[in-house]
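Sequence positions, counted from 1, serve as the residue numbers for this chain.
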Amino acid sequence: MLASTGMAGGVESPGFAVHHLGVSWRGAKEGGRLRLRYPDGWRDWQVVAAADSRDERQRTLLWVGDATAYEFIPAPGSDHMRLHAINTVDGPPSAATFAPADRLSRFDSADGARCPRFPYRSRAGWGADESLRFGPDGTESFPTAFFDVQTLTVHHTVTVNTDPDPAATVRAIYFFHAVTEDFGDIGYHLLIDQHGTVYEGRYSGPDPLPVFGPRPVGPRPSMVNGAHVGGFNAGNIGVALLGDLTKTTPTPAALRSLTLVLAALARVTHLDPVGTTAYVNPISGATRTVSTIAGHRDWAATECPGNTFYPTLPQLRANVAAALGRT
């Protein structure tokens with residue numbers, strides 16, 4: 001992985017092909033203007049707008065192909081700007097050992113119920129550099145904490161839809177969340193690409209099962225605390241579809257895997273996929289009543305999981321219930 005911290009207001013040439021550019025700031029949704037240079041010259045200026053808002057910060061992760069340089073001019077009123085040029089394809093290998101695609105056949109549950117299989121990549125499988133979770137002194141930046149599962153939330157990543165290398169995009173999201181945004185790790189628990197491959201997100205321990213903790217905390221299985229919905233993370237499992245669903249719907253393969261994943265999670269945690277949850281944050285006491293399978297916008301002022309996809313969530317909930325035999 002190659003990464004470079006850039007500055008706002010001048011031309012930056014990081015010295016490697018830039019595949020993703022992570023930008024975050026405080027201010028309005030439109031953070032500024034960006035132009036990119038490629039081997040054949042500069043492209044036109046474009047407006048950079050937030051794909052996500054959280055903790056009073058605006059943020060977006062842009063796929064920029066093989067740009068050789070960029071220039072970013074902040075919008076008036078934007079400050080605390082952070083920019084990272086990211087290349088997760090070239091450069092030295094990560095600290096992780098790449099593994100071939102494997103399969104997660106089931107989430108263990110008390111009744112031993114099995115869910116249909118879907119293609120799956122563990123953190124090692126997509127090349128997670130585990131050193132990014134630790135600070136310079138070797139301490140874990142965001143120590144794992146576990147809470148009873150209460151609800152499930154669906155996101156989209158607002159990255160490229162026809163992705164030539166989804167695993168590289170997952171690595172870019174990981175770097176952006178862990179380093180640029182100081183989340184300590186990738187914010188989501190699971191991610192799904194356009195081919196239906198499921199990626200393990202936030203680190204939950206050395207065992208091969210993602211999301212869940214080593215032992216129950218209360219009456220439901222415990223999950224590792226993530227960073228995908230500001231103020232409402234504890235007890236809230238985040239599943240993200242790779243891509244921008246503002247004007248398009250998920251591919252059939254992605255939707256199938258999403259349905260199966262949510263069904264598996266609902267089965268294990270004894271949640272009703274067409275029900276409502278009176279969520280209580282076990283850390284802050286903050287409350288919210290939402291659909292048990294919610295979209296990010298049900299929690300915060302954001303367009304996530306996309307203006308085209310969000311209206312289909314009632315059908316998604318029904319499909320999950322059908323997969324569980326609860327029609």
**Q** Given salt bridge (Lys or Arg N to Asp or Glu O under 4.0 Å), test D40 with R43 step by step and report yes or no.
**A** CA-CA 9 Å; D40 61 349; R43 298 293 188 269; 2.9 Å; yes
**Q** For Y188 and H177, I'd like to know if the aromatic rings sit close, meaning centre-to-centre distance below 6.0 Å.
**A**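 Centroid separation for Y188 and H177: below 6.0 Å.
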**Q** Is a side-chain N or O of R121 found less than 3.5 angstrom from the main chain of G125, in a donor-acceptor match?
**A**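 Side chain of R121 to backbone of G125, a donor-acceptor pair under 3.5 Å: yes, one is there.
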**Q** Please assess R123 against E130 for the test salt bridge (Lys or Arg N to Asp or Glu O under 4.0 Å), listing each intermediate value before the final yes or no.
**A** CA-CA 9 Å; R123 289 175 66 93; E130 300 296 354; 2.9 Å; yes
**Q** Is it the case that the side chain of R82 and the backbone of T180 share a donor-acceptor pair, with hydrogens and angles ignored and the cut-off at 3.5 Å?
**A**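 The answer is yes, because a donor-acceptor pair under 3.5 Å joins these two groups.
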**Q** For the backbone of E140 and the side chain of R133, can you confirm whether one donor and one acceptor N or O come within less than 3.5 Å of each other?
**A**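 The answer is no, because no donor-acceptor pair under 3.5 Å joins these two groups.
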**Q** Go through D193 and Y199 one step at a time and tell me if the side chain to side chain donor-acceptor pair (under 3.5 Å) criterion holds.
**A** CA-CA 8 Å; D193 71 17; Y199 299 79; 2.6 Å; yes
**Q** Where is the tightest heavy-atom contact between S141 and G184, given as atom of each residue plus distance?
**A**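 Taking S141 first and G184 second, the nearest heavy atoms are CB-CA, 4.0 Å.
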**Q** Group every Ile, Leu, Val, Met, Phe, Trp and Tyr by side-chain heavy-atom contacts under 4.5 Å, then state whether V179 and L191 land in the same group.
**A**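 Same hydrophobic cluster.
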**Q** Is the closest side-chain donor-acceptor distance between T169 and D163 under 3.5 Å?
**A**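 Their side chains do contain a donor-acceptor pair, which is all the 3.5 Å distance test asks for.
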**Q** Check whether Y174 and F142 end up in the same hydrophobic cluster, where Ile, Leu, Val, Met, Phe, Trp and Tyr are linked by side-chain heavy atoms less than 4.5 Å apart.
**A**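 Different hydrophobic clusters.
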**Q** Test L34 against every option in I73, V23, L62 by the side chain to side chain contact (heavy atoms under 4.5 Å, CB included) rule and name the one that passes.
**A**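 Exactly one option meets the side chain to side chain contact (heavy atoms under 4.5 Å, CB included) with L34, and it is L62.
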**Q** Can any side-chain N or O of R171 pair as donor or acceptor with the backbone N or O of W126 at less than 3.5 Å?
**A**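 Side chain of R171 to backbone of W126: a pair is present.
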**Q** Return yes if some donor-acceptor pair links the side-chain N/O of E200 with the main-chain N/O of L190 below 3.5 Å, else return no.
**A**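 Not confirmed, E200 side chain does not pair with L190 backbone.
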**Q** Should V149 and V268 be marked as a side-chain contact (heavy atoms from CB on, under 4.5 Å) after you check the CA-CA gap, both sets of side-chain angles, and the distance that decides it?
**A** CA-CA 10 Å; V149 177; V268 172; over 6 Å; no
**Q** Start with the C-alpha gap between L316 and L255, add the side-chain angles, then the distance that decides, and say whether side-chain contact (heavy atoms from CB on, under 4.5 Å) holds.
**A** CA-CA 8 Å; L316 174 65; L255 194 56; 4.2 Å; yes
**Q** Closest approach of N225 and N233, non-hydrogen atoms and distance?
**A**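 Smallest heavy-atom distance, with atoms named: OD1-C, 3.3 Å.
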**Q** Determine yes or no for a side-chain-to-main-chain donor-acceptor pair under 3.5 angstrom, with T246 supplying the side chain and G306 the backbone.
**A**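 Side chain of T246 to backbone of G306, a donor-acceptor pair under 3.5 Å: no, none is there.
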**Q** Is it the case that T277 and R288 place a side-chain donor and acceptor less than 3.5 Å from each other?
**A**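 Short answer, no.
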**Q** Looking at every non-hydrogen atom in both residues, tell me the closest pair between A172 and I86 and how far apart they are.
**A**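 Answer, listing the atom of A172 first, then I86: O-CD1, 4.1 Å.
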**Q** Tell me whether R35 forms a cation-pi arrangement with W42, defined as NZ or CZ under 6.0 Å from the six-membered ring centre and within 45 degrees of its axis.
**A**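 Ring-cation test returns yes.
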**Q** Under the side-chain contact (heavy atoms from CB on, under 4.5 Å) criterion, do I192 and V239 qualify, and how do the steps go?
**A** CA-CA 8 Å; I192 302 172; V239 182; 4.0 Å; yes
**Q** Same hydrophobic cluster for Y120 and V211, using side-chain heavy-atom links shorter than 4.5 Å among ILVMFWY?
**A**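 Same cluster.
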**Q** Quick one: does any side-chain atom of T251 pair with a main-chain N or O of A254 as donor and acceptor, under 3.5 Å?
**A**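 Here the side-chain-to-backbone pair exists.
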**Q** Regarding D298 and Y310, is there a side-chain donor-to-acceptor distance under 3.5 Å anywhere?
**A**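 Yes, Y310 and D298 have a side-chain donor paired with an acceptor closer than 3.5 Å.
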**Q** Could you tell me if S24 and R57 have a donor-acceptor pair between their side chains, going purely by distance under 3.5 Å?
**A**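 Distance-only check passes for R57 and S24.
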**Q** Taking 4.0 angstrom as the limit, do E303 and K29 come out as a salt bridge?
**A**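 K29 and E303: salt-bridged.
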**Q** Just by distance, with hydrogens left out, do N307 and R297 show a side-chain donor and acceptor under 3.5 Å apart?
**A**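 Yes, a side-chain donor-acceptor pair sits under 3.5 Å.
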**Q** Treating R59 as the side-chain partner and W25 as the backbone partner, does any N or O pair qualify as donor plus acceptor under 3.5 Å?
**A**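 Between the backbone of W25 and the side chain of R59 there is no qualifying donor-acceptor contact (under 3.5 Å).
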**Q** Please report the closest heavy-atom contact between V198 and S257, naming both atoms and the distance.
**A**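 Nearest pair, atom of V198 first, then S257: CG2-CB, 4.1 Å.
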**Q** From F147 CZ over to N236 CG, what is the distance, rounded to the nearest 0.5 angstrom?
**A**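 Here the rounded value is 12.5 Å.
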**Q** Does NZ or CZ of R33 lie under 6.0 Å from the centre of the six-membered ring of F72, at an angle within 45° of the ring axis?
**A**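 No, cation not above the ring by the 6.0 Å, 45° rule.
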**Q** Flag yes if Y38 and W63 sit in one hydrophobic cluster, no otherwise; membership is Ile, Leu, Val, Met, Phe, Trp, Tyr, and two members link when side-chain heavy atoms are under 4.5 Å apart.
**A**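 Shared cluster, no.
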**Q** First locate atom CD1 of I173, then atom CD of E181, and finally report the distance between them rounded to the nearest 0.5 Å.
**A**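 These two atoms lie 13.0 Å from each other.
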**Q** Please check this pair: side chain of T157 against backbone of G243, looking for a donor-acceptor N/O pair closer than 3.5 Å.
**A**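 It does hold such a pair.
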**Q** Might you point out which heavy atoms bring F176 and G22 nearest each other, and give the distance in Å?
**A**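 Nearest pair, atom of F176 first, then G22: CE1-CA, 3.5 Å.
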**Q** How about F175 and H84: are their ring centroids closer than 6.0 Å?
**A**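 Yes, close enough.
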**Q** Would you say the side-chain atoms of T162 and Q194 include a donor-acceptor pair closer than 3.5 Å?
**A**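 There is no such pair between these side chains.
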**Q** Using side-chain heavy atoms (C-beta onward) and a distance below 4.5 Å, is L265 in contact with I237?
**A**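 L265 reaches I237 side chain to side chain.
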**Q** Quick one, V18 and P14 - any side-chain contact, counting heavy atoms below 4.5 Å?
**A**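 The answer is yes; the side chains approach within 4.5 Å.
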**Q** Which pair of non-hydrogen atoms, one from T88 and one from H19, has the smallest distance, and what is that distance?
**A**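 The pair with the smallest heavy-atom distance is N-ND1, 4.2 Å.
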**Q** Using modelled atom types and a 3.5 Å cut-off, is there a donor and acceptor pairing between side-chain atoms of D66 and backbone atoms of A17?
**A**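 Looks like no, no N/O pair under 3.5 Å.
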**Q** Under a 3.5 Å threshold, yes or no: a donor from one side chain and an acceptor from the other, between T153 and W299?
**A**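 Yes, a side-chain donor-acceptor pair sits under 3.5 Å.
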**Q** Would the H228 and H155 ring centres measure less than 6.0 Å apart?
**A**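 Yes - the distance between ring centres of H228 and H155 falls below the 6.0 Å cut-off.
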**Q** Could you go through the side-chain contact (heavy atoms from CB on, under 4.5 Å) check for L241 and F309 one step at a time?
**A** CA-CA 10 Å; L241 292 172; F309 179 50; 3.8 Å; yes
**Q** Taking atom types as modelled, find out whether T292 and D272 have a side-chain donor-acceptor pair closer than 3.5 angstrom.
**A**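 T292 vs D272: no donor-acceptor pair found between side chains.
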**Q** Report yes or no: do L260 and L271 belong to one cluster of Ile/Leu/Val/Met/Phe/Trp/Tyr joined by side chain heavy-atom distances under 4.5 Å?
**A**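 Yes, one cluster joins them.
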